[in-house]
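First listed ligand is number 1; within each ligand, the first listed atom is number 1.
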Amino acid sequence: MILATALSYDDVLLVPKYSDIVSRKEVSITTELDCNRKFELPIISSPMDTITEAKMANAMHSKGGLGVIHRYNSIEEQTNLVRRVKHEHKAAAIGISGDYLERAAALIAAGAKILCLDVAHGHHILMKEALMKMKTLYGDDIHLMAGNVATKRGFEDLSKWGADSIRCNIGGGSICSTRIQTGHGVPGLHTILDCIQADIDRDVKIIADGGLRNSGDIVKALAAGADFVMVGSLLAGTFETPGEIINHGTQAGTKKKVYRGMASKEAQYDWRGRHSSNEGITTHVPYRGDVGSILDELANGIRSGFSYSGARNLTEFQINSEFIVQTPSGQVESKTHILDRLI
Ligand code: XMP
């Protein structure tokens, strides 16, 4: 048994480098999912029933990112949501068993061009069968996003089976309890640093999924080699997420929305009428208004991050960036710490 040390976002910092960038406007944060699909913003909203339906997908598109319509509904409901999405890159999730082929065909007929084979443990024989079947049926017409995986070996296998982009990270999301429930997972940053070393013969994109709490984490994920990040909690509670605004009182700041893991007991009951292993939680988050300003802030943070490494685009950034590991006292220093002193 080999015990490796695995680092996550708080364990590292990026070393600032000489920069000749005068304005953040000089920095491009453009990325691509494949040679036909370019995006101005390297952020994808999660296929979760409290994050992405048509409103969020349209908002993500208008800021240059991508939204993946969740699959926790009937085929008819999901295809109707896809039809309401305005952008060329319509993306929707499917499973890897049950009605997934029928669902895929209906989503493609409704205009979906990107299908996300969305399961908790993607390094699995059912994923192999589903990816191979989908590639045989649709060839390169449909972009196949798949996951999740936590290792280089998982990344290599899904690439071999036909995935065009892979969601990397297991159990690191804000609402995940997989690691608590099962003892399995790999810290998010380590997963990216591992997957980037995959020995594959085609360009398969890395999506750093879950556990990203601010633009700093996103910048670190991109520096480590991710082409995109996928986020839930960073967008949770906004106007564009599905679900009601709940009033907890009359004071300002008491409006909330629900954010929940898709493997939480509540979500499982809602979409399949029963629950088995609960690997997620349900919570209320503050209502945060329109998602547009949040995405603008994240984009500015990412641009600023690139400029600290003297990089004008993602390729330069990934070449220039240099990580250092910080000690626990470094971690304390890296957080705002005046409040600790006032206590
Ligand atoms: P964040 O941290 O952005 O994470 O809120 C969103 C990601 O979490 C994953 N996800 C889950 N993982 N149990 C899990 O272990 C769950 O119930 C669950 N629901 C979502 C998913 O990868 C998502 O993009």
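Separation of the F39 and F228 ring centroids falls under the 6.0 Å cut-off.
Ion pairing between K63 and D296 holds under the 4.0 Å rule for side-chain N and carboxylate O. Remark: E156 engages K152 in a salt bridge, criterion side-chain N to carboxylate O under 4.0 Å. Checked for salt-bridge contact, D118 and R71 meet the test: a charged N lies under 4.0 Å from a carboxylate O.
Separating the CD atom in E266 from the CG atom in N278 is a distance of 8.0 Å, to the nearest 0.5 Å.
Around ligand 1, the residues contributing at least one heavy atom under 4.0 Å from the ligand are S46, M48, N148, R167, G173, S174, I175, C176, T178, D209, G210, G211, M230, V231, G232, S233, Y259, G261, M262, A263, S264, E279, G280.
Note that K17 lies outside the cation-pi zone of Y308, set by a 6.0 Å cut-off to the ring centre and a 45° limit from the axis.
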